[in-house]
*Asks:* 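Sending over a structure as structure tokens; questions will come in a sec.
By convention in this document, chain letters (A, B, ...) are assigned in the order of the sequence lines, proteins followed by strands, and residues within each chain are numbered from 1.
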Amino acid sequence: MRASQLLLPTVKEDPAGAEAISHKLMVRAGLVRQLAAGIYVYLPAGWRVMQKIAAIIRGEMDGIGCQEMLMPVINPAEIWQQSGRWDAIGGELFRFKDRKGADMALAMTHEEVITWLAAREVHSYKQLPQLWYHIQTKERDEARPKSGVLRTREFIMKDSYSLDVSYEALQESYAKHIAAYDRIYARCGVEAMMVEGDSGMMGGSVSHEYMAYADAGEDEIVFCRACGYAANVEMAVAGADREPPQSESQAAAGAGAAVDLTVDEVRSTPGAKTIDQVVEFLGLPARAFMKALVVTVEDGAEGRQVMVLLRGDHELSELKLRKALGAEFRLATADEVLAAQGIAPGYVGPEPTTLPVYADEVLRRGHYVAGANKADHHRTGVSLAMVPQATFCDLRKARAGDPCPQCAADLDGARVIEVGNIFQLGTKYSEPMGATFLDVDGKEQPIVMGSYGIGLARIAAAAIEQHHDGNGIVWPPSIAPFEAHLVLVRASDEVQAALAEQLYAELAAAGLDVLFDDRDMSPGIKFKDADLLGCPAQIVVGKRAPEGVVELKDRASGERRDVPVAELALALGELLGRG
RNA sequence: CGGGGUGUGGCUCAGCUUGGUAGAGCGCUCGGUUCGGGACCGAGAGGUCGGCGGUUCAAAUCCGCCCACCCCGACCA
């Protein structure tokens, strides 16, 4: 491809509002343009990256016997009503009516279509297992698109589905996907880790998420270098705290502290409503406090209130609380808190309270400062021995430094991008949608299903997050828009131009993806563009063209060396890792 | 959906507080000089200041409503 003819609109300045590095670089390098919130145009170079990622995914999916097909984005409402998701999913599902007034939906994933297909075409255990996939646009009316291509309302996903005769058989399909996914990320040059997931709206029981390390990621995981345990912080088991409660270490240190945590006493804390403010006011660490949240449980027509207790320095895992309650919940409004506890948020405490209490495990021990249920006052010496109705459970988010729940080593933490996930759906869709088969005994059974997704753009973005420098993107060779960027320094120099043309023809003939910068522009612009775009090899035809020598630059290391034209093919092969 | 912010040439932004001739840098066009790390000189093109309404002799600027986009939160196969 000739740069003089390629639509590659590079820009010098970061786009307004962009924060994620991948977002800035994808726009600056001329890979994408935003049409509307969370809706992007893939420009030629960006689309090449997507196609390369798709090709790697295809290869690996085909490799485990998964069959490619194509399912429609437009779905009749009927199948979504059958699966129950028409009602279960809120505004995230794009809905519209066709000209006849029939309800339609834009598919956000394809379980319904797959199950519809399976119900019609799969009848016997002899046809199973089946592995089906497609690479198709997904539509989701995200509440908040963000971070460029990381969270969008329209995106391309590889989604595959397994159909099996039993849960045991499903394990095999699941294992095949795990193996394929590991290879896909490795081949794309993205470092990702499999963690336990929450199955969320997909339903089912077992699920895992593939997480790629990136500061721009919106998820956080903890993982153990010693034993390999890894989980989303929402999910991860928060092990016991190594340190004793603050009140015990304070007691051990002897008397004389300004505030004795073990003494039951009401103290005036005017204006101090948040943990940070009370910490400041009393001069105690956050872990000396107990924070009381009042939440409204939405398991009846009218919500009921429940008090949730966490240590001051811990964060609530909403997922864990949802599981403990067995119902959805939300933070209570100020009015609800006042009605339920008789005090406005800010000074709520468990002593006394008539509400059901759910307390995090670490609060079993120790004395804490808690709200005094009186405006502008907190109370010391509060221990949960005073709250007999308290139910203890693991409610807090795990964090780096916590002991690993499997081997007790220290957990590490990382921000991550979710680049894929796999679910054991079971019969969640096959039962309501009547996707059954006859087993060996002639008995009708629901098909046991799994679903497996990978977002292509997220792989591209994660690759950039993991591989870039101050000058631009440093693509892994496997997914770079071009393998080599041939830079003609002086287009007006006949010798240089002739040599560049010759190399362009030869490299292309050798099957290499080459971008030939034949533009008549100042060299600085060309070099900057080449670094920004980030193709792994740069071949610079310049001063030494008359001798038949060009410069080969390794984008990743920045190393450059002069190479006689005759040796270029070999040197390029080495640089690109083709041996 | 709640909170905050922004909207001015293609891009990034200033101007708005205190109403009075619409600006800069980059990009673009033409001519010339340059030519290995986003060159220089000269001459140009390009804007209903997000939209509608209001106040005023006069609105980019003040007021109201709406829209779009961004950020935080809620939500998230």
Side-chain angles (χ1 to χ4, degrees), chain A residues 9-20 23-24 27-28 30 33-39 80 83 85 88-93 107-112 114 138-148 150-153 155 157-161 197-204 207 209 218-219 232 234 295 318-319 322 328-331 333-334 418 420-423 425 428-429 450-455 458 470-472 487-493 496-497 517 519-532 538 540-545 550-551 553 558 560 562:
Chain A
T10 56
V11 287
K12 215 184 291 187
E13 279 160 307
D14 287 334
E19 292 189 349
H23 184 192
K24 293 176 183 172
V27 172
R28 290 225 293 129
R33 285 295 182 265
Q34 188 186 68
L35 207 213
I39 300 182
W80 288 77
S83 73
R85 290 161 102 193
I89 296 173
E92 206 180 344
L93 180 65
M108 48 200 295
T109 175
H110 282 79
E111 280 76 11
E112 280 76 4
I114 285 283
K138 298 288 179 285
E139 309 287 344
R140 289 184 199 173
D141 197 357
E142 286 287 350
R144 188 143 97 78
K146 60 192 271 200
S147 307
L150 280 180
R151 184 161 213 87
T152 55
R153 295 194 291 173
F155 58 97
M157 180 165 97
K158 181 289 300 178
D159 43 323
S160 48
Y161 303 86
D198 168 36
S199 10
M201 84 170 177
M202 292 301 303
S207 77
E209 294 169 343
E218 46 187 353
D219 287 305
N232 196 302
E234 289 273 353
V295 302
E318 293 169 20
L319 185 66
R322 199 176 303 135
E328 291 296 323
F329 71 91
R330 58 177 168 77
L331 217 53
T333 63
E418 183 184 347
N421 50 32
I422 54 181
F423 294 91
L425 297 173
K428 178 177 157 113
Y429 294 89
S451 86
Y452 316 84
I454 289 184
R458 284 188 173 184
N471 293 318
V487 178
L488 166 57
V489 175
R490 268 187 84 153
S492 59
D493 181 307
Q496 288 185 20
D517 194 345
R519 296 173 301 171
D520 186 10
M521 298 227 269
S522 82
I525 292 180
K526 296 183 164 195
F527 293 136
K528 288 287 185 189
D529 274 354
D531 284 351
L532 220 205
Q538 292 176 17
V540 180
V541 179
K543 284 187 291 233
R544 298 188 65 186
V550 298
E551 184 180 277
K553 174 175 164 182
R560 33 181 125 190
D562 286 343

*Asks:* If only side-chain N and O atoms of A:Arg144 are considered, is one of them under 4.0 Å from the OP1 or OP2 phosphate oxygen of B:C72?
*Replies:* yes
*Asks:* Please figure out whether A:Ala37 or A:Gly455 has its closest RNA chain B nucleotide nearer the 5' end.
*Replies:*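 The 5'-side residue here is A:Ala37.
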*Asks:* Say we look at B:G54 and B:G42: how far apart would their P atoms be, to the nearest angstrom?
*Replies:*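 So the two P atoms sit 47 Å from each other.
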*Asks:* From CG of A:Asp14 over to C1' of B:C69, roughly how many Å is that when rounded to an integer?
*Replies:*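 Rounded to whole Å, this separation is 17 Å.
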*Asks:* Grab the NZ-P distance between A:Lys526 and B:U34 for me, whole Å please.
*Replies:*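 Distance, rounded to whole Å: 18 Å.
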*Asks:* Taking atom C1' in both B:G38 and B:C26, compute the distance separating them and give it to the nearest angstrom.
*Replies:* 10 Å
*Asks:* Sequence neighbours left out, what passes side chain to side chain contact (heavy atoms under 4.5 Å, CB included) with A:Asn232? Give chain and number order.
*Replies:* A:Glu209, A:Met211, A:Asp219, A:Glu234, A:Met235
*Asks:* Between B:A68 and B:G27, how far apart are the two P atoms, rounded to whole Å?
*Replies:*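 Taking atom P in both B:A68 and B:G27, they lie 34 Å apart.
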*Asks:* From the options B:G36, B:G38, B:A74, select the nucleotide whose nearest atom is closest to the side chain of A:Phe527.
*Replies:* B:G36
*Asks:* For RNA chain B, produce a single dot-bracket line, 5' to 3'. Pairs: Watson-Crick or G-U wobble, both distances under 3.5 Å. Symbols: ( ) within strand, [ ] crossing, | other strand, . unpaired.
*Replies:* (((((((..((((......[..)))).((((((.....)))))).....(((((..]....))))))))))))....
*Asks:* For the side chain of A:Arg560, counting heavy atoms from C-beta on, which of B:C71, B:G38, B:G36 is nearest?
*Replies:*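 Comparing B:C71, B:G38, B:G36 against the side chain of A:Arg560, the answer is B:G36.
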*Asks:* Can you check the A:Gln34 CD to B:C70 P distance for me, whole Å?
*Replies:*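 These atoms are roughly 5 Å apart.
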*Asks:* B:A39 phosphate, OP1 or OP2: any side-chain N/O from A:Ser522 under 4.0 angstrom?
*Replies:* yes
*Asks:* For A:Glu112, what residues pass the salt bridge (charged side-chain N to carboxylate O under 4.0 Å, His left out) criterion, not counting sequence neighbours?
*Replies:*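 Checked A:Glu112 against salt bridge (charged side-chain N to carboxylate O under 4.0 Å, His left out); matches are A:Arg85.
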*Asks:* NA contact type, A:Ala36, heavy-atom cut-off 4.0 Å: base, sugar-phosphate, or nothing?
*Replies:*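 Sugar-phosphate: the residue A:Ala36, judged by heavy atoms under 4.0 Å, touches backbone atoms but no base.
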*Asks:* Taking the P atom in each of B:A45 and B:C30, what is the distance between them to the nearest angstrom?
*Replies:*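 Pairwise P distance, B:A45 against B:C30, rounds to 15 Å.
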*Asks:* Among B:G37, B:G25, B:G36, which is the nearest nucleotide to the side chain of A:Glu13?
*Replies:*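 Of B:G37, B:G25, B:G36, B:G25 is nearest to the side chain of A:Glu13.
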*Asks:* Determine the contact category for A:Asp159: base if any of its heavy atoms lies under 4.0 Å from a base atom, sugar-phosphate if only primed atoms, P, OP1 or OP2 are that close, otherwise nothing.
*Replies:* nothing
*Asks:* Less than 4.0 angstrom between a side-chain N/O of A:Gln496 and OP1 or OP2 of B:C35, yes or no?
*Replies:*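 It does not, given that no N or O in the side chain of A:Gln496 lies less than 4.0 Å from OP1 or OP2 of B:C35.
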*Asks:* Expressed as a whole number of Å, how far does the P atom of B:C49 sit from that of B:G44?
*Replies:*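 My reading of the P atoms in B:C49 and B:G44 gives 25 Å.
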*Asks:* State whether the distance check finds a donor on one side and an acceptor on the other, under 3.5 Å, for side chain A:Arg330 versus base B:G73.
*Replies:*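 Per atom types, no contact qualifies.
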*Asks:* For A:Met521 and B:U29, give me the distance from atom CE to atom P, rounded to whole Å.
*Replies:* 10 Å
*Asks:* Can you tell me how far C1' in B:G47 sits from the matching atom in B:C40, rounded to whole Å?
*Replies:*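 About 28 Å, rounded to a whole number of Å.
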*Asks:* Do A:Glu218 and A:Lys146 sit within salt-bridge range, that is, some charged N less than 4.0 Å from a carboxylate O?
*Replies:* yes
*Asks:* To the nearest angstrom, how far is A:Arg490 atom CZ from B:U33 atom P?
*Replies:* 13 Å
*Asks:* Under 4.0 Å, counting only non-hydrogen atoms across every strand here, what does A:Tyr452 touch: a base, just sugar-phosphate, or nothing?
*Replies:*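 Nothing, no heavy atom under 4.0 Å.
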*Asks:* Side chain of A:Ile525 only, please: which of B:C35, B:A39, B:A74 is the nearest?
*Replies:*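 Between B:C35, B:A39, B:A74, the one nearest the side chain of A:Ile525 would be B:A39.
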*Asks:* Check each of A:Glu139, A:Arg153, A:Glu142 against A:Glu92 using the side chain to side chain contact (heavy atoms under 4.5 Å, CB included) test, and report the only one that passes.
*Replies:*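 Filter result, single survivor: A:Glu142.
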*Asks:* Given B:A39, B:U12, B:G37, which nucleotide is nearest the side-chain atoms of A:Ala16?
*Replies:*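 Selected nucleotide: B:U12.
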*Asks:* Which part of the nucleic acid, if any, lies within contact of A:Glu418, taking any heavy atom under 4.0 Å across all strands shown: a base, the sugar-phosphate backbone alone, or nothing?
*Replies:*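 Since no nucleic acid heavy atom lies under 4.0 Å of A:Glu418, the category is nothing.
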*Asks:* May I ask you to say what A:Arg33 touches in the nucleic acid, namely base, sugar-phosphate or nothing, with a heavy-atom cut-off under 4.0 Å?
*Replies:* nothing
*Asks:* How far, in whole Å, is B:G20 from B:A59 if one measures between their P atoms?
*Replies:*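 It works out to 11 Å between them.
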